[in-house]
Amino acid sequence: MKETPQHNLGLDLARVTEAAALASARWMGKGDKEQGDKAAVDAMRVSFDSVDIRGTVVIGEGEKDKAPMLFNGEKVGSGRGPETDVAVDPVEGTRLLAYGRPNAIAVVSMAPKGSMYDPGPAFYMNKLVAPAEAKGQLDIKAPVADNLAKTAKALGKDIDDLMVFVLDKERHQGLIREIRAAGARIQLHTDGDVAGALMAVMPGTGVDLMMGTGGTPEGVLAATAIRIMGGEMQSMLDPQSEEEKGGVLSAGYNLEQILTAEELVTSDDVFFAATGITGGSFLKGVEFTGRNARTFSMIMRGRTGTIRYMEACHTFETLMQISAIQYD
């Protein structure tokens, strides 16, 4: 059945991520990640009231490091419209924001109720993310060199042409050695694995692959976008402490199970929105001019596969006459 164009909730979500980005960008480079995160959370909460959904936050970033957060189970939206699962990260990369480094973003994704993976007590997962060209050809349990070789072949490159995004963490020292031994190049990032996953799937970012362990909430957020873009994502829960491991096993999770993007988000009727806070490889950051600010966002809709890039100019003189959020 053909349909007439439907209301795109992704555009509404972009207003939510814009608000979070504008509010938190005032804290860029000031060294206080908690205040930057709190500003984004507060702005996001207010902005959700204008979105016609009956949303429940199922992925609320911040629990593992006690940061301010939109908490799991919190109701968002106007209370009208479809029931949805909502995943949020008001500032993905709080340290990036605090120190003025690239690739901090505000992110929201949404899917029909019951279709997003519930990570329970699992805070960390190992991830392998690659472009659509490599879909179905990789295996997260295989040796690193094998996955690099298959990715290179799928992309028509030599292994030493590949650029791999890896978080610069102590736990990745062995992974880094394996990648270098295979001949590939590495971009080491202190934070930002939603951005890293998107960079691995999107053309023109300079990144061909993402490998390594990052946050489970970030994994579900990224899976929404990767599903829309047709990229390859495989993940496995990877507890980083005995306490976390015990909680994960007690809750009945299987540490040997491979989770794909399609298993992390089981519906095609999904939406994803992200707005740059600090300038990055695929989204510019918030630009303040004194009288106004510019934001740069990406909006995706799963049912149509549409990806939009939106630049917006926010004029403070008029905006602050009506806005409940303090941006200036």
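Numbers here are sequence positions counted from 1.
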Q: Identify whether the distance between the nearest side-chain nitrogen and carboxylate oxygen of Glu256 and Lys141 falls below 4.0 Å.
A: yes

Q.
Please determine whether side-chain hydrogen bond (donor to acceptor under 3.5 Å, both in side chains) holds for the pair Ser267 and Ser115, giving the CA-CA distance in whole Å, both sets of side-chain angles, and the decisive distance to 0.1 Å.
A. CA-CA 6 Å; Ser267 172; Ser115 59; 4.9 Å; no

Q. So, the side chain of Asp168 versus the backbone of Thr190: is there a donor-acceptor pair under 3.5 Å, distance only?
A. no

Q | Sidechain-backbone polar pair: Asp85 side chain, Gly114 backbone, donor-acceptor under 3.5 Å | A | yes

**Q.** Interatomic distance, Met236 atom CE to Ile140 atom CD1 [nearest 0.5 angstrom]
**A.** 6.5 Å

Q | Any donor-acceptor pair under 3.5 Å from Glu262 side chain to Arg227 backbone | A | no

Q. Any idea which heavy atoms bring Thr224 and Val265 closest together, and the distance?
A. OG1-CG2, 3.7 Å

Q: State, with a plain yes or no, whether a side-chain heavy atom of Phe282 is found less than 4.5 Å away from one of Met199.
A: yes

Q. Is it true that Glu74 and Arg45 make a salt bridge, defined as a side-chain N closer than 4.0 Å to a carboxylate O?
A. yes

Q.
Between Asp146 and Lys150, does any side-chain N to carboxylate O distance fall below 4.0 Å?
A. no

Q. When you look at CZ of Arg291, are more than 12 heavy atoms from neighbouring residues, nucleotides or ligands closer to it than 6.0 Å?
A. no

Q. Is a donor on one side and an acceptor on the other found under 3.5 Å between the side chain of Thr84 and the backbone of Met110?
A. no

Q. Yes or no on side chain to side chain contact (heavy atoms under 4.5 Å, CB included) for Arg308 and Asn8, after CA distance, side-chain angles and deciding distance?
A. CA-CA 11 Å; Arg308 289 180 169 88; Asn8 186 345; 3.0 Å; yes

Q. Do Leu264 and Val201 share a hydrophobic cluster (ILVMFWY, side-chain heavy atoms under 4.5 Å, transitive)?
A. yes

Q: Calculate, to the nearest 0.5 Å, the distance between atoms CD and CD belonging to Gln240 and Glu170 respectively.
A: 11.5 Å

**Q.** Within one Ile-Leu-Val-Met-Phe-Trp-Tyr cluster: Phe296 and Leu13, side-chain cutoff 4.5 Å
**A.** no

Q. Transitively linked via ILVMFWY side-chain contacts under 4.5 Å: Leu162 with Leu167?
A. no

Q | Joint cluster assignment, Val16 & Val57, ILVMFWY side-chain distance < 4.5 Å | A | yes

**Q.** Test item: Pro217 and Asp89 side chains (from C-beta on) under 4.5 Å apart, heavy atoms
**A.** no

**Q.** Value rounded to 0.5 Å, distance of CG in Leu155 from CG in Leu209
**A.** 8.5 Å

Q) Are Asp238 and Thr213 linked by a side-chain donor-acceptor pair shorter than 3.5 Å? A) yes

Q: Carefully, step by step, assess Leu198 and Met229 under the rule side chain to side chain contact (heavy atoms under 4.5 Å, CB included).
A: CA-CA 9 Å; Leu198 295 180; Met229 292 187 287; 3.7 Å; yes

Q: Please say whether more than 12 non-hydrogen atoms of neighbouring residues, nucleotides or ligands are located less than 6.0 Å from NZ in Lys135.
A: yes

(Q) Check this for me, if you would: do Lys169 and Asp191 make a salt bridge, where the nitrogen-to-carboxylate-oxygen distance has to be below 4.0 angstrom? (A) yes

Q. With side chains defined as the heavy atoms from C-beta onward, is the minimum distance between Met211 and Leu148 less than 4.5 Å?
A. yes

Q | Side-chain donor or acceptor of Asp193 paired with backbone N/O of Gly215 under 3.5 Å | A | yes

Q.
Tell me whether the count of non-hydrogen atoms from other residues, nucleotides or ligands lying under 6.0 Å of NZ in Lys245 goes above 12.
A. no

Q. Would a 4.5 Å heavy-atom cut-off, applied to side chains only, mark Glu218 and Lys127 as touching?
A. yes

Q | Donor-acceptor pair, side chain of Gln187 and main chain of Val207, under 3.5 angstrom | A | no

Q: Working to the nearest 0.5 Å, report the span between CG of Leu188 and CZ of Phe165.
A: 9.5 Å

Q) Considering all heavy atoms of both residues, which atom of Ala200 and which atom of Val129 are nearest to each other, and what is their separation? A) CB-O, 3.7 Å

Q: Measure the CG-OG distance between Leu97 and Ser24 for me, rounded to the nearest 0.5 Å.
A: 5.5 Å

(Q) Can you confirm whether His189 sits close enough to Val166 that some side-chain heavy atom of one is under 4.5 Å from a side-chain heavy atom of the other? (A) no

Pairs under 3.5 angstrom only: tabulate donor-acceptor contacts from the side chains of residues 270-280 to other protein residues two or more places apart or in another chain.
{"residue": "Thr275", "atom": "OG1", "partner": "Thr17", "partner atom": "OG1", "Å": "2.7"}
{"residue": "Thr275", "atom": "OG1", "partner": "Glu18", "partner atom": "N", "Å": "3.4"}
{"residue": "Thr275", "atom": "OG1", "partner": "Ser297", "partner atom": "OG", "Å": "2.7"}
{"residue": "Thr278", "atom": "OG1", "partner": "Arg101", "partner atom": "O", "Å": "2.7"}
{"residue": "Thr278", "atom": "OG1", "partner": "Asn103", "partner atom": "N", "Å": "3.2"}
{"residue": "Thr278", "atom": "OG1", "partner": "Ala104", "partner atom": "N", "Å": "2.9"}

Q. Are the side chains of Asp12 and Ser50 in touch, meaning some heavy atoms are under 4.5 Å apart?
A. no

Q | All side-chain contact (heavy atoms from CB on, under 4.5 Å) counterparts of Glu243, not counting sequence neighbours | A | Ser241

Q: Write down the atom of Asn72, the atom of Gly60, and the distance for their closest heavy-atom approach.
A: OD1-N, 2.8 Å

Q | Shortest non-hydrogen contact from Met233 toward Gly219 | A | CE-O, 3.4 Å

**Q.** ILVMFWY network linking Tyr253 to Val58, side-chain heavy atoms under 4.5 angstrom
**A.** yes

Q: Evaluate the criterion side chain to side chain contact (heavy atoms under 4.5 Å, CB included) for residue pair Lys38 and Trp27; output intermediate values, then yes/no.
A: CA-CA 10 Å; Lys38 183 179 184 303; Trp27 293 92; over 6 Å; no

Q. Does the side chain of Met298 reach to within under 4.5 Å of the side chain of Met202, using non-hydrogen atoms?
A. yes

Q. Stepwise, does the side chain to side chain contact (heavy atoms under 4.5 Å, CB included) test hold for Ile299 with Arg301?
A. CA-CA 7 Å; Ile299 305 107; Arg301 185 183 183 198; over 6 Å; no

Q. Looking only at heavy atoms, which two atoms of Pro121 and Glu244 are closest? And how far apart?
A. O-CG, 3.7 Å

Q: Working to the nearest 0.5 Å, report the span between CG of Leu221 and CE of Met116.
A: 7.0 Å

**Q.** Which atom of Ala40 lies closest to which atom of Val91, heavy atoms considered
**A.** CB-CG2, 3.5 Å

Q) Considering residues, nucleotides and ligands other than Tyr99, do more than 12 of their heavy atoms fall under 6.0 Å from its OH? A) no

Q.
Using side-chain heavy atoms (C-beta onward) and a distance below 4.5 Å, is Val76 in contact with Val51?
A. no

